[in-house]
There are 2 protein chains.
Amino acid sequence: MGRAASPRPGENQAPTMADVAERAGVSAMTVSRALKEGSRVSKATREKIMAAVNELGYVLDQSAGSLSSRKTGFVAAIVPSINNSNFADTARGITDELESTGLQLLLGYTDYTVEKEERLIEAMLRRRPEGIILTGGAHTDRARRLLESAGIPVVETWELPARPIDQVVGFSNEEAMGLLVKTLARKGYRKFGYIGGTTSRDTRGSQRREGFVRAIEELGLPPGRLVSFGVPPISIEQGGQAVVSMLERWPDTEAVLCVSDLSAFGALMECKRRGMRVPQDIAIAGFGDYEVAAFCHPGITTVNVDCYGIGQEAARRLIQLIRGGEKQRGQEIVLTSYRIVEREST
Amino acid sequence: MGRAASPRPGENQAPTMADVAERAGVSAMTVSRALKEGSRVSKATREKIMAAVNELGYVLDQSAGSLSSRKTGFVAAIVPSINNSNFADTARGITDELESTGLQLLLGYTDYTVEKEERLIEAMLRRRPEGIILTGGAHTDRARRLLESAGIPVVETWELPARPIDQVVGFSNEEAMGLLVKTLARKGYRKFGYIGGTTSRDTRGSQRREGFVRAIEELGLPPGRLVSFGVPPISIEQGGQAVVSMLERWPDTEAVLCVSDLSAFGALMECKRRGMRVPQDIAIAGFGDYEVAAFCHPGITTVNVDCYGIGQEAARRLIQLIRGGEKQRGQEIVLTSYRIVEREST
DNA sequence: GTTAGGTATGTTATCGATATCACATCGATC
DNA sequence: GATCGATGTGATATCGATAACATACCTAAC
């Protein structure tokens, strides 16, 4: 209507496929085929169409396309935070893996709360993604229901949920932290402390703390000293404050394990500021193998997690399920690797 | 068709608005209104509709909605990398600002190349975003053309492009680095070195180097020593390697300025590893005020940039332009603040 | 009692692409 | 030369929502 009334059609309105078709002297359907790889259009026709496309500056409208094809080409991914380089790496793994498939990523972050996750899931489902990747296994009931009735493949990552929704790509944070404790115990440390956040918002953090406590028990060591400080994810600064609190209450602590490398780095810097020698006076370890842990001085012992690989593998599974259609729908759990990286801080 | 053939309609197919309407005993249009805030639907009707929505587990399909309303509710943003916390902060500023508006972010990253940026821009325009936020002012010609003919507001950020497309929210990287040089010169440093990447992919990096060179000239100091090392963005590790190269060639360098805090941190750690005293033997400064710069020991002097604010302001302008429609289309340039943060490393 | 104006709801016609089926053409095969 | 299959292209219906207009009802004002 607006277009018909306009003196020079298509001047203000963005051109549509019909405009391209008219200019190229073919039908819209042929234009559609020419713009989609793998469809058979004769070379001459394709060239005419491409010329028209360039002259008009036409860009395909996927919202319209996905309505009729019933495929949006979207994949949704929800991470706790993109300001955390571990999750940024996972997001990058996902994007890189999606790149060649033509699928596009809808990325959201929850700030570590399930309520925001629920809202995000709903917002994303409105875009009809063909699959969705979540971080962790903790979701609101409503979020679970939404996901189940969406009828799309779901991959939960970074943890091993007790009650998986569908696919899982992750590892046991509990076990990983337990391994760190055992590794350090073998070096002779006996009085362990743990630094983490104050709430259970960060479920991976909670699992790590549980792994810590359990490992201490299993080894028959003196009870672990637990310091909770700050709302997860705790920062470098809060790691420094937490270690102060730890040293005040339990000055004889021999080794401090932190929920992440960032807090470990903060703790390390604070100890050095106070003139303590690391690891002679106190050993410090982190989790996540952030770049800073490798290059600070002394380097921080930590647990290396394959963040990028988690994203890659999650995306790969999703792609398989999307492409493969209905077959191969069984729940599967892919364990990703982690390993202790010993550095000078312990 | 598939639905008509199915014995229990809607069992496998996701429910549509028509299904909800039927169940609630109203027309689809009324359902549409009930699900959109600010439309007047009687309380009784709204409740009936909401009940039907919940029973069916209906989720609005925005791809369909945006086709008829000609509004997708998407905003696109393109950053160099989300693994860089400065840009992650900007992305967060954008998302936070968009949150209350119902606009959804399409985020992409270029890996610092204009070619990938061009591909991303095209991919995003296929989704018909209502506005787009870019990082920097360097784009391919084709990207510029695509953007211009898209007819949507564009905001370039983080720089002051010589030839802006539309709106700009940023600061002069050249000037900021120049200010850092002058601040240090005032403290008595005279032999300056600069560490950056090897290519001009990172345009902000290049601008900082130019600012460095120009400031040295203006102050009449001995020519700055330039070390280029690694493909931008250069890492902590490469910062360490670069400073080694700097010290080998120019052992008498008094102050080393780095393209970012990450390389500065790497340089700092490397110097300490070699037993040098910072700042007595050598002063080190960075750019960006990453968290690590504040909490490492010694703290790193740097240029604080309002990353989050850049994102916020860019999003705000975009929202205004999207909502305001055609009025207020003039090019505008918003300068964001930066400031020198002096710490112990200089 | 009539009319104006507001509110709540329904009807119809799209939005811009693609699935699907139909059709024309051409060369190969028997 | 009749038949078949492969290939290229077009016509039509449709995806699921919303814009725009139409209508019914109700209240207030004169």
Side-chain angles (χ1 to χ4, degrees), chain A residues 1-5 9-10 13-22 24-49 52-53 56 58-74 102 125-128 130 150, chain B residues 1-5 9-10 13-22 24-49 52-53 56 58-74 102 125-128 130 150:
Chain A
M1 185 188 285
R3 184 168 306 136
Q13 298 287 117
T16 74
M17 197 170 262
D19 297 327
V20 176
E22 194 187 359
V26 297
S27 72
M29 195 60 233
T30 303
V31 176
S32 173
R33 280 192 272 252
L35 294 180
K36 173 166 285 179
E37 305 181 30
S39 331
R40 293 153 318 175
V41 174
S42 75
K43 195 156 171 262
T45 309
R46 168 167 273 129
E47 279 166 7
K48 267 191 304 183
I49 291 173
V53 165
L56 292 173
Y58 174 71
V59 175
L60 185 67
D61 184 335
Q62 280 202 70
S63 359
S66 52
L67 183 58
S68 60
S69 69
R70 305 164 125 311
K71 280 181 197 164
T72 57
F74 279 128
L125 289 181
R126 281 202 274 268
R127 302 294 187 174
R128 296 291 188 270
E130 301 182 44
Chain B
M1 185 188 287
R3 185 170 305 136
Q13 297 288 117
T16 75
M17 197 171 263
D19 297 326
V20 175
E22 194 187 0
V26 297
S27 72
M29 195 60 232
T30 304
V31 176
S32 174
R33 281 192 271 252
L35 294 180
K36 172 167 285 179
E37 308 180 28
S39 329
R40 293 152 318 176
V41 174
S42 76
K43 196 159 172 259
T45 308
R46 170 167 270 128
E47 278 166 9
K48 269 192 302 184
I49 290 172
V53 164
L56 293 173
Y58 174 71
V59 175
L60 185 67
D61 185 335
Q62 280 204 67
S63 355
S66 51
L67 184 57
S68 62
S69 69
R70 305 165 125 309
K71 280 180 195 165
T72 57
F74 278 129
L125 289 181
R126 281 202 275 267
R127 302 293 186 175
R128 296 291 187 269
E130 301 182 43

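Below, chain A is the first sequence line, B the second, and so on; all start at residue 1.
- Residue contacts shown for S27(B) include a base, since a base heavy atom lies under 4.0 Å away.
- Counting all heavy atoms, side chain and backbone alike, A150(B) lies closest to L125(B) at CB-CD2, 3.8 Å.
- Side-chain contact between L67(A) and S63(B) is absent, with no heavy-atom pair separated by less than 4.5 Å.
- Taking 4.0 angstrom as the limit, R40(B) places a side-chain polar atom (N or O) nearer than this to OP1 or OP2 of dT7(C).
- Taking CG of D61(B) as the start and OG of S66(B) as the end, the distance is 8.0 Å to the nearest 0.5 Å.
- Taking atom CZ of residue R127(B) and atom P of nucleotide dC15(C), one finds them 21 Å apart after rounding to whole Å.
- Taking side-chain N and O atoms only, T30(A) has a distance below 4.0 Å to OP1 or OP2 of dG10(D).
- Annotation: side chain of Y58(B) is in contact with side chain of M17(B) (closest heavy-atom distance under 4.5 Å).
- Looking at Q62(B), its side chain never comes within 3.5 Å of a backbone N or O of R126(A) through a donor-acceptor pair.
- Overall, the helix from dG1(C)-dC30(D) to dC30(C)-dG1(D) carries an axis bend of 40° between its ends, with five pairs at each end and the value rounded to 10°.
- For A21(A) against A28(A), the heavy-atom pair with the smallest separation is CB-N, 3.6 Å.
- Of the residues in residues 41-48 of chain A, those placing a heavy atom less than 4.0 Å from an atom of DNA chain D are V41(A), S42(A), T45(A), in numerical order.
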Measure all distances between protein nitrogen or oxygen atoms and nitrogen or oxygen atoms of nucleotides 17-21 of chain C, and list the pairs falling under 3.5 Å.
residue : atom : partner : partner atom : Å
dA17(C) : OP1  : Y58(A)  : OH           : 2.2
dA17(C) : OP2  : M17(A)  : N            : 2.4
dA17(C) : N3   : S68(A)  : OG           : 3.4
dT18(C) : OP2  : S32(A)  : OG           : 2.1
dT18(C) : O5'  : S32(A)  : OG           : 3.4
dT18(C) : O4'  : S68(A)  : OG           : 2.4

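- Counting to the nearest Å, the P atom of dT18(D) and the CG atom of L67(B) are 11 Å from each other.
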Pairs: protein N or O with nucleotides 24-27 of chain D N or O, under 3.5 Å:
none

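- Considering only residues two or more places apart in sequence or on other chains, S42(B) meets the side chain to side chain donor-acceptor pair (under 3.5 Å) condition with T45(B).
- For R128(B) (side chain) and L60(A) (main-chain N/O), a donor-acceptor pair under 3.5 Å exists by modelled atom type.
- Put simply, the side chain of R127(B) does not reach to within 4.5 Å of the side chain of T72(B), judged on heavy atoms.
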For residues 29-36 of chain A, tabulate all N or O donor-acceptor pairs below 3.5 Å that involve a side-chain atom, not counting sequence neighbours.
residue : atom : partner : partner atom : Å
T30(A)  : OG1  : S27(A)  : OG           : 3.2

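- Atom-to-atom, CD of E22(B) to P of dG10(C) comes out at 13 Å; the value is rounded to the nearest Å.
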